[in-house]
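Only one structure is covered here, and it is reproduced in the block below.
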Protein chains: 2
Amino acid sequence: MAKAPTVYDVAAKAGVSIATVSFAFRQPHRVKDSTRETVLSAARELGYLPSGSARGLARGRTGVLGVFSFDYYADDEAGSAAGPLTAAADRNRDYRYYPVYGDEVQRGMALQCRARGYALLTGSATEMSGNAQRIQDLAGQVDGLAIFPNVVSDEQLRLIAQRIPVVELSSPGEVRAGGQAHVSVDNESGMRALLDHLIRVHGFRRFTFLDAQTSSPDFRGRSHFFAEALAESGIDAEVASHIVSDDASPWAAAEVDRLLADPAGLPDVLVCVHDEIALPMMDELERRGISVPGDVAVTGFDGIVAGRLSRPPLTTVRQPMEAIGRSAVDMLIRAAEGSGEAQTQVLPVELMVRESCGCSG
Amino acid sequence: MAKAPTVYDVAAKAGVSIATVSFAFRQPHRVKDSTRETVLSAARELGYLPSGSARGLARGRTGVLGVFSFDYYADDEAGSAAGPLTAAADRNRDYRYYPVYGDEVQRGMALQCRARGYALLTGSATEMSGNAQRIQDLAGQVDGLAIFPNVVSDEQLRLIAQRIPVVELSSPGEVRAGGQAHVSVDNESGMRALLDHLIRVHGFRRFTFLDAQTSSPDFRGRSHFFAEALAESGIDAEVASHIVSDDASPWAAAEVDRLLADPAGLPDVLVCVHDEIALPMMDELERRGISVPGDVAVTGFDGIVAGRLSRPPLTTVRQPMEAIGRSAVDMLIRAAEGSGEAQTQVLPVELMVRESCGCSG
DNA sequence: TTGAAAGCGCTAACAG
DNA sequence: CTGTTAGCGCTTTCAA
C-alpha cells in the first residue's frame, strides 16, 4: 500500500486549509460550492480515504457498536492449523443447530446498526485465556457494547461500563449489579404458559426438568419458575442433575440411561431449559427407540431455527431474538448519544406449540 | 459516563511518565516489575481503558478487519419504525432460507478473526443511497476489507484497495480488474460434476437453466459452464429468461406458468444458478401439484443449510463457505502485515447428491 | 529502566 | 466562507 494521502495532501492539492477539507466532507453546506468541488475532486484524484482512528480520536466517538460473545461451535484448531481449507472440512462441522440463539440476536444487532448508521464490531471469547485483553481492546474501539452472559467477569464488566454504555444480553442476576442495563425476556410468563399447556391440555403430572451445566440468570429463572408453577399446581417435579453441555452425545446418552434406570418409569415430559438440550435429547431418545412424544414428551426454550425443523418439531417458548438485538442497539445508541442511561428492558416471549409435546401438527 | 481516564491520569497517579504507562501495557518486559505493578494497579483503580482510536492512530493499524455485504432480508422499516419489538414481529419475518450463503461466509471470517486475534467490523449496504459513504467510513477503520460482489462500485473498490488490502468474495470478473484479490470457488468443476451426474445417472436430456436477475461473475460462470458442458455432450439447453430474485413468490409463480405453457412439456430438470432460486421453485411446483423429482428434477448451487432441510432435500453443489471466509481473513492479514499482496484463490466445491435430482435418500 | 517529545490525521472552536 | 490552532490519547524513537 502506498502511503496514504491525508487531509494535508488534499488541502495542499486543492489550495485550501485542512479545515476546509474537513468541512467539505462533514459539513458540505458550510462550504462554497465551487470550493467543495475543488476539494472533492482533489480528494478523488489522490485517492483520499479519511482515517477512522483519527476521526474517532478527534470526535470522541467512533460510530461503532460492539458485541462480545462466546462461540460454542468455534474450533480453534481449524484456525491455527492453517491446513487446506476444503469443502469436506466444512461439512464435517456440526451445524445441526446453527444458527443458534446468539447468532440470531447478533443478526438483530447488525440490522439495527445498519438502520441507525452504525457499524458493528464483533469479538468473541476463546477457550484460552486472554479474553480480558480481547474484550478491553474491543471496548476501547466502540461507543457501546453488548455482552452475552458468562463471557466476561463482573469486574471486567464494571470497568467497561464505567467508560461506555454496556448492556448485557440476559436477565439481570438475582442480585442486581448496580444499574447494569439488560435486555432480556419474560422467562416467567414463558415457563408458565408452557406448563399451563402441558398440564391443562395434556394432563401431564410427572415432570422432569433438564438444566444446563452452565448457569445463567435466564436459566436459573426458568428453573425457578418451573418449580414454582408446578408447586402451585400441586405437582411435584424432579429436577435432573446438571447437564454437561460441552459435548453433545455423551451427556444425552448418560441422561437417557438415567431416565431408563428409574424404576418409576419415564416421566410424562422432559422440560428442557433450552432448545439445545432438548434437540440432542430427542435425537438420543429416538436412537434408543423411545418415541417422542409417544413415550415421553419433550419441550425446549428459546425457539432456535433447528427446533422448527426437527422431527418431531419442537414445542418451545420463542424469544424474539432479532428484537432483543435491535433493542440492545437502540439502548446503546441512546445512552451513547447522551439521551439518558441504558435501562433494563424485558421483552415478551411466545409459546410455540408444535408436536414434541404431543400436539398434532 | 464520567470523563474517561487517560494515560496521563494513570501516569500521574502512578508517578511515572506516560511512556512508562504505555510500556507497562504493551511491552511489560521492558519495565521493572515493581513499576509495572504500580502502573497496573493505578490503572485498575482509575478504571483506565485505552482508547482504540488513539492507539490506532499512533500505530497506523487497528487490529480490525472489515466485511461489507448486502442483507437481502433486511427490513429498513422495522428499524426506523421503532415500534414495539415483539415476538410476533420476529416470527413474521421470512427466515426460511436463513442462514444464507453470505451469513456462513461471514461466520467463517468471524471464526478466523478470532483465531488470529483480530476483531471483525461488519457493515452492510442499504437499499437507499449513502452506501459509498458507509463503505468509506468502514474502510477507514480497518486494516483490510472483504467485500461481497455487487455491493460496491468498481470505482469505490479501486479507491479503497489503494489504501488497504481488499478481497472480493467472488470469482474475478471476466475482465480481470488489475490485481484485485478474490476468494472464489471452482464453479466449472462444480457445474460439470453436477451435469455429469444428471446426464449419466439420470439420463436427462432436456435441461432448463434458471438464472438470477442480479448478475455476478460466479453466476455468469455457472451459466457459461452449464451451456458449455451441455454442448460438449451434444445436448441443447434452454436458458430461461432472467429471474427476478427480489420477491420470492411472484417470480416463481410466473416461472412455473411459463414452464407449464410450453407445448413441449416440462424439461427433465431445472438447473438453478443458486439454491435460493431452487428452493422457492420447489415450493411453487409443489403448490401446483407438480412432483419434484417425479415430474421434474431440480438442482441448486451453493449448499445453504435450507437445502438440506427442504422436501425433497436439494441436490446441489456445496461451496466451502466457512473456508472462504477464513481464507479471506488469512489473505487480508497477510497483506496487511506486509507479507505480500493479496492473491486470488480458488477453493474446491463438492457435489451434494440428495433427492431433488431423483436419487433416493 | 525511564522520561521527553514528536507525531499519527482529523475535528471544531475561534478568528478573521 | 475560510484559515489558524489547539487538542483528541497513545506509541515510539531518542536520550538520559
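The chains referred to below are lettered A, B, ... by the order of the sequence lines, with proteins before strands, and numbering in each begins at 1.
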Which part of the nucleic acid, if any, lies within contact of [X], taking any heavy atom under 4.0 Å across all strands shown: a base, the sugar-phosphate backbone alone, or nothing?
| X | value |
| --- | --- |
| A:Thr6 | sugar-phosphate |
| A:Thr35 | sugar-phosphate |
| B:Arg26 | sugar-phosphate |
| B:Phe25 | nothing |
| A:Val21 | nothing |

Taking [atom1] from [X] and [atom2] from [N], how many angstroms apart are they, rounded to a whole number?
| X | N | atom1 | atom2 | result |
| --- | --- | --- | --- | --- |
| B:Leu57 | D:dG7 | CG | P | 17 Å |
| A:Glu37 | D:dC1 | CD | P | 14 Å |
| A:Arg59 | D:dG7 | CZ | C1' | 16 Å |
| B:Lys3 | D:dG7 | NZ | P | 13 Å |
| A:Gln27 | D:dT2 | CD | P | 13 Å |
| A:Gln136 | D:dG9 | CD | P | 17 Å |
| B:Asp9 | D:dG9 | CG | C1' | 10 Å |

Check your understanding: If you round to the nearest 0.5 Å, how far is CG of A:Asp143 from CZ of A:Arg59?
Key ->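 So the gap between those two atoms works out to 8.0 Å.
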Check your understanding: Are A:Asp33 and A:Arg36 within salt-bridge range, i.e. N to O under 4.0 Å?
Key ->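 Counted as a salt bridge, because a side-chain N and a carboxylate O are separated by less than 4.0 Å.
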Review point. Is it true that B:Glu45 and B:Lys13 have a side-chain N and a carboxylate O under 4.0 angstrom from each other?
Key: yes
The side chain of [X] is closest to which nucleotide in this list: [options]?
| X | options | answer |
| --- | --- | --- |
| B:Tyr8 | C:dA12, D:dC8, D:dG9 | D:dG9 |
| A:Ala58 | C:dA12, C:dC10, C:dG3 | C:dC10 |
| B:Arg55 | D:dT11, C:dG9, D:dT13 | D:dT11 |

Revision key, fill the gap. Ranking B:Ser53 and B:Thr20 by the position along DNA chain D of their nearest nucleotide, the one closer to 5' is B:Ser53
Practice item. For A:Ile18 and for A:Arg30, locate the closest nucleotide of DNA chain D by heavy-atom distance; then report the residue assigned to the nucleotide nearer the 5' terminus. Key: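 Final value for this comparison: A:Arg30.
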Review point. Should A:Ile135 and A:Ile147 count as side-chain neighbours, where that means a heavy-atom distance under 4.5 Å?
Key: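 In contact.
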Check your understanding: OP1, OP2 of C:dC10 versus side-chain N and O of A:Ser22: anything below 4.0 Å?
Key -> no
Revision key, fill the gap. Sorted by position of nearest nucleotide on DNA chain C, 5' first, the leading residue of B:Phe23 and B:Ala54 is B:Phe23
Revision key, fill the gap. Per nearest nucleotide of DNA chain C, the residue lying toward the 5' end, B:Gly15 or A:Gly52, is B:Gly15
Review point. Would A:Val21 and A:Val10 satisfy side-chain contact (heavy atoms from CB on, under 4.5 Å), going step by step from the backbone distance to the final call?
Key: CA-CA 7 Å; A:Val21 175; A:Val10 177; 3.9 Å; yes
